[in-house]
2 protein chains.
Amino acid sequence: MSSQRDFHDIDERKKLILRAVTDEYISTAEPVGSRSIARRYNLGISPATIRNEMADLEEAGYLEQPHTSSGRIPSDKGYRFYVDVMLEPKEPSRSLKQRILREFIQRQGEIEALIQHTAKILATLTNQAALVISPSFQESTIQHIRLLPLDEMRLLVVLVTDPGFVNTRIVELSRGISGGDIERISGYLNGRLKGLTIRDLRATLVNEIQSELSRYRSLAEEATSLLVQALDDTGPERIYREGTVNMLGQPEFQDVKKVKGLLEVLEEDGLMFEALSGTPPGRGTEVVIGHENRHAGLYPCSIVSASYEIKGRVSGAIGIIGPTRMDYSRIVALVKYVSECLSEFLSEA
Amino acid sequence: MSSQRDFHDIDERKKLILRAVTDEYISTAEPVGSRSIARRYNLGISPATIRNEMADLEEAGYLEQPHTSSGRIPSDKGYRFYVDVMLEPKEPSRSLKQRILREFIQRQGEIEALIQHTAKILATLTNQAALVISPSFQESTIQHIRLLPLDEMRLLVVLVTDPGFVNTRIVELSRGISGGDIERISGYLNGRLKGLTIRDLRATLVNEIQSELSRYRSLAEEATSLLVQALDDTGPERIYREGTVNMLGQPEFQDVKKVKGLLEVLEEDGLMFEALSGTPPGRGTEVVIGHENRHAGLYPCSIVSASYEIKGRVSGAIGIIGPTRMDYSRIVALVKYVSECLSEFLSEA
DNA sequence: ATTAGCACTCATCTATTGAGAGTGCTAACG
DNA sequence: CGTTAGCACTCTCAATAGATGAGTGCTAAT
């Protein structure tokens, strides 16, 4: 995980200066010099002193100099310290909260649209790239299972799960099944499985069901293989992206090569799942900074993520990707708030 | 539409030269001069003569000069001529065709995966951005309609249509309906609607059904509103993108501002539907060049598109977006071939 | 320990220059 | 009269040089 160190090499004044440099750089995107710090932040010390402290901070690895004798910018380690030690999440304003709530209320009901819109909200408010992983199919609980015969050899399996997901799957039969049998199997499965999660089902129950269904002998095999087929893909666990282009506005992405490297990673679903996989289950947020990322394309970026829950069960995650120079205090608070909203809206549906 | 002119201002030799310039520029991305044409193409005329012809071609608007005294590059009008008059589609090689077929066969069955994969194939083979519009819900024919009661107040409408689509929709009822009534309505709708397209249904039948169903009096209203609700969105008509990043490798997109403008357009579903809307219904391909596009972000781009059919009915479209300097002969042939494959695979399912 | 002062460094900007590619024009040629 | 050779001209691109300015590191004074 992130290099959790003691940061014992930093005293109170260094801390102030590091914060000033970081804040300044976050808002200007320009290397910051000792003079401007002395001017804008009333630390009661002269540029020269600040210079000395900055030299120490650089040696300790918290700051970097793009070139000799330009101002300093925070290193990944500097941001890590900023986030771990100094971060004071900037609670969204009352009016912003209301605006977010209103957006959510508009999209209530259609779960897919809600998720998609969540990504849009995040992207718009942060002006960065937003990701939302749709509720985990594995973790959703079964409400209904229905089998609809389409023709002699094909069956439509309809699976309705808790957070409002409807998952359908066409299954090819190896031989015909009578309508009566289908009714019976359907009824049995429905009664037996209601309220279980997909994960439970896959982990333990498939065998059990197979033996229970063996009364129907020849059908048992058919029915189970059918179930397995129906559950076999990852289901509707999709990843929603919004505002990836927003990043092209950022001064750190004026170089097409960097942009390309970044977008290549962003476009790959698997990598994005992975990137959000470290998200903590609780109501906290996770921040991954720069080179802590696995993929080189994300080295110039940080990811702020949080998970959301449906009725207390972790279901998916949301995240913001932006340059390491991002407004952590605002974004961390926003991601946290939006994840809470999403949990709430998904739970009450 | 494309400026269909007579191109009477071009004689045979000018044609040869225009083709040479265009071919050369397509493969090198550098403005091409009279000398290199004289060297590489054995036209039996000297650079000076070529210069004169090129000057004429420029005056007539087929060529452009990025700056005085650099080589010429084709203008949009030049490409238009090239595409309309001189294009000889470069039939994909036998081995390439086989490779494409193999890719299709692998993904058979799952319609969504097939569509998605089609985009991937196109993007990979052309190294440009590929779009595929999934089969039009409006044009698909109804195979089954089923109503499944979820609880007292909610009904799941399951609609299975011809090219293997399953569309579901949860409908909130304003009051309860008995199981018997649901059965009856379901049965009635199923018998009545099978084989119709959604478009037919929406256009003419809703009223008719309403009156027929009026035997069930109070239910009529309920049932129709339910149908209308179920059909109300555009359905699963989605747009699949692949390889948008490919374009960042092209020399014409080394400027981040251009890239941003382009990606902003590409990301917007509505605009992409619009961009593919001119696609001709038959088995031909449509080429939209540069400034013929509606949106400024696409001015540096051309779009090659073709529609595909399911059992003879136009269902969707596929397209390639790349810089105006693209290998039209290869790409036009490829798009045509892939659209034919897709039609075939979707029709036999 | 802090600060003022000063020399030094380095990126950025602007001009200048030279090279190279390619054109347009003119005059000669068949 | 169409074609071609020759030549001056234009314009981009890359390299160079000087000026500018922000910011540092160091030293000596407070």
Pairing of [X] and [Y] as salt bridge, 4.0 angstrom limit:
| X | Y | value |
| --- | --- | --- |
| B:K14 | B:D9 | no |
| A:R241 | B:E267 | no |
| A:K258 | A:E252 | no |
| A:R72 | A:E64 | no |

Could you tell me whether the side chain of B:S75 and the main chain of B:Y62 form a donor-acceptor pair under 3.5 Å?
->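 Yes; judged by distance alone, with no hydrogens or angles, the pair exists.
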Whole-Å gap separating [atom2] ([N]) and [atom1] ([X]):
| X | N | atom1 | atom2 | result |
| --- | --- | --- | --- | --- |
| A:N52 | D:dG23 | CG | P | 17 Å |
| A:E30 | D:dA22 | CD | C1' | 11 Å |
| B:M54 | D:dT4 | CE | P | 15 Å |
| A:R72 | D:dA22 | CZ | P | 17 Å |
| A:R40 | D:dA22 | CZ | C1' | 13 Å |

Return the 5'-most residue of the pair B:G44, B:P66 with respect to DNA chain D, ranking by each residue's nearest nucleotide.
->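 Checking each residue's closest nucleotide, the 5'-ward one belongs to B:G44.
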Sugar-phosphate only, base, or nothing, as touched by B:T68 at under 4.0 Å among non-hydrogen atoms | sugar-phosphate
Look at all strands and tell whether A:S70 reaches a base, only sugar-phosphate, or nothing, counting heavy atoms closer than 4.0 Å.
->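 If one applies the 4.0 Å heavy-atom cut-off, A:S70 turns out to touch the sugar-phosphate alone, with no base involved.
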Measure centre to centre between the rings of B:Y79 and B:Y328, then say whether the value is under 6.0 Å.
-> yes
Using a cut-off of less than 4.0 Å, is there contact between a side-chain N or O of B:S69 and OP1 or OP2 of D:dT10?
-> no
Phosphate OP1/OP2 of D:dA22: any A:R51 side-chain N/O under 4.0 Å | no
Boundaries of the DNA chain C segment in contact with chain A, non-hydrogen, under 4.0 Å =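 Span of nucleotides near chain A: C:dT2 to C:dA11.
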